[in-house]
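In what follows, a structure is listed as structure tokens, so that the remarks can point back to it.
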Protein chains: 2
Amino acid sequence: MSVTINDVANEAGVSKSTVSKVLNHWTTISPATVEKVHAAIEKLHYTPNSRAVSFAKGATSNIVYLTNLEKDTAYRNPHMFDIMCGVHHTLSENNYSLMLVNTSEERYPGEKVSEVITSGSSDGLIIHGSAINKEIANLILDAGFPHIIIGHPSFESRLCWVDTNHALAGEYAAAHMIACGYTDVAFIGERKTDYISAQRQKGFMAGMLDRGFHIPAARIGNTDSSCQHAYSVTSDMLTQPVPPRAIVCENNTLALGVIQAVKDRQLSIPDDIAILTFDVYPYSSIIDPQLTIVDINVYDTGVQAGSMMIRKLQNPELLIQSYTTLPVIIQGESTRPLP
Amino acid sequence: MSVTINDVANEAGVSKSTVSKVLNHWTTISPATVEKVHAAIEKLHYTPNSRAVSFAKGATSNIVYLTNLEKDTAYRNPHMFDIMCGVHHTLSENNYSLMLVNTSEERYPGEKVSEVITSGSSDGLIIHGSAINKEIANLILDAGFPHIIIGHPSFESRLCWVDTNHALAGEYAAAHMIACGYTDVAFIGERKTDYISAQRQKGFMAGMLDRGFHIPAARIGNTDSSCQHAYSVTSDMLTQPVPPRAIVCENNTLALGVIQAVKDRQLSIPDDIAILTFDVYPYSSIIDPQLTIVDINVYDTGVQAGSMMIRKLQNPELLIQSYTTLPVIIQGESTRPLP
DNA sequence: CTGAAAGCGCTTACAG
DNA sequence: CTGAAAGCGCTTACAG
């Protein structure tokens, strides 16, 4: 019923080996033959059966995006999908397809990865940071399966990963504040155990120190990552004899609390207190005033991960462990150079 | 190198046909044989090669989720991913995988669908409303390819689709308002040409009328879908001699403008003006006050679409055109029964 | 530069 | 209840 390589071979008057070689861009076929085969393909509207190709080649041209998918992930963590879109973009350009696999409903840790590896349904694995754990790490390392992890794993290993440099983003925040003329800057972050928050804080403090400004402990506020807690921590800070001139908020949710605290004390942004935060978030656009943001282009992180995967497939020995995407400053109304 | 069906057959002392039958749950195999085969599979850690299975069966156990993916879709339209998660959940339960395909970078309309259909890389197509058009419709109908479209297509056809009943959601809004005792209720919607907004408005007005309350034209505000425009339309409405007692906002963005307009006139919510909107949105949680919402569980819509696809695969003749997921009221602080 | 032939690892009529 | 054999539609050494 559907057109096969044999039909094309007959139509073109060549063997199916030759058709196959044309399809796979072998350089040993004469231009005239290539021409004939293409004409036959056009005429018959032939498309190779991808199941047969996969089977014969022993490869799928498919990559799995492994992640932890809960019912409301789309709202709580849109970044995960933005990354996925970036990955998809690059793979698609390279004629790879992307299959979504969810680790959240596994019967045992590593179940899905085992399946992917042993069933041969995919040539490589891109693993979102939310899904990685030791079981999975061991499975892919033992099998030598091509993989890229998005986000630096929390444990040492020979895993391949790409990540954004959160400490660098913290430095960008410091540089921006100093450039505006703010030298007395506070930092409101998450719990001290939060990796990203700690990195950003570290980078921020180092960036300030490099430029000659030491941030004392009193200017650092750690929260339970709720808006409410950010509000109270900020309120406390603002009642100190000398309040800070500017505040760096580690994320948009904290920023909401910080802004409210500033407004409730009748202080104006940025004239009394300047504010900066990290990451464009779903509700960034409706925060009043529009915040200055140190943004990480996570779509680009996905694009990078996709490229790395393509490189791995060509050169499986490659050990990739790198910080890729650079932060970028999105200027809002919440910071302004001092006169 | 890797374990094949022959290895299992040897280990179990049966033919590979028999192993295959055990794998495919044929009922004609004796319990003793099944036992032996399972033991061999366990011992050898055998997993069937999915490429070979696909090829031999002529089917992939894979479904494509076709959608329009732009760089910032994850932020602008998280619903699309929530639906996708629902689809994935159901398919995964039924041992189907989900492949993501993007229509936004096609060289011509229908390119991706043609590829999917003719290459046989997938057994069915779930199409997000953002990706459907006449070209695609014709391709899948001509090929008789199993498909489910999420969202009622804007043109008549024999396509299979599932959708949520937006008019019904409008009725829910009316019923809730009446139940609270609000009878003079305004509706702020998008442009008149917006399908979802028009459906919600229609259902709302019908719901009010059914309960004996006619909504006059002066109580309907159409906007260009911006927060700002919602603000001005609402402000105008509130300066009328008799302002409405409650307002139904067709979406969260409009609600932001409406709330601001109400607050700027020193009116309190819900004591002076009650407010209700549709859909849980990324920033719903930070709107002050928390709004009462008529929500459509779009994850469930995805789940339904997945189930329908499974049914279609079993019975390709099935014509599915149905409204599935029911709306649900999420009570917030912006409406309250009158004393 | 081209083709005949083996083979990829399963499934499934068919025969027994 | 079980197995031998053909076949799914390609790719790829190999020979010429």
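Every chain is numbered from 1 and lettered A, B, ... according to where its sequence line falls, protein lines coming before strand lines. For clarity, every value in this text was computed on a predicted model and none was experimentally measured. What's counted below: heavy atoms across the whole structure, side chains too, no hydrogens, waters or symmetry copies.
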- request: Under 4.0 Å between any heavy atoms, over every strand shown, what does A/Thr33 touch: base, sugar-phosphate, or nothing? Just pick one.
  value: sugar-phosphate
- request: Would you sketch DNA chain C in dot-bracket for me? Only Watson-Crick or G-U wobble pairs with both distances under 3.5 Å count, crossing pairs as [ ], other-strand pairs as |, the rest as dots.
  value: |||.||||||||.|||
Would you please name every residue forming a ring-ring contact (aromatic ring centres under 6.0 Å, His included) with [X], sequence neighbours left out?
X: A/Tyr75; result: B/His79
X: A/Phe55; result: B/Phe55
X: B/Tyr195; result: none

- prompt: Hey, which of B/Leu125, B/Leu313, B/Val87 is the one that makes side-chain contact (heavy atoms from CB on, under 4.5 Å) with B/Ile63?
  reply: B/Leu313
- request: Starting at the 5' end of nucleotides 6-16 of chain D, put B wherever the base has a protein heavy atom under 4.0 Å, S where only the sugar-phosphate does, and a dash everywhere else.
  value: --BBBBBB---
Which salt bridge (Lys or Arg N to Asp or Glu O under 4.0 Å) pairs, counting each pair once, include a residue from [range], with sequence neighbours left out?
range: residues 303-312 of chain B; value: none
range: residues 97-114 of chain B; value: B/Arg107-B/Glu111
range: residues 60-75 of chain B; value: B/Asp72-B/Arg76

Listed pairs under 3.5 Å, donor-acceptor, residues 31-46 of chain A side chains, sequence neighbours left out:
from: A/Thr33; atom 1: OG1; to: A/Ser30; atom 2: OG; distance (Å): 2.8
from: A/Lys43; atom 1: NZ; to: A/Glu11; atom 2: OE2; distance (Å): 3.0

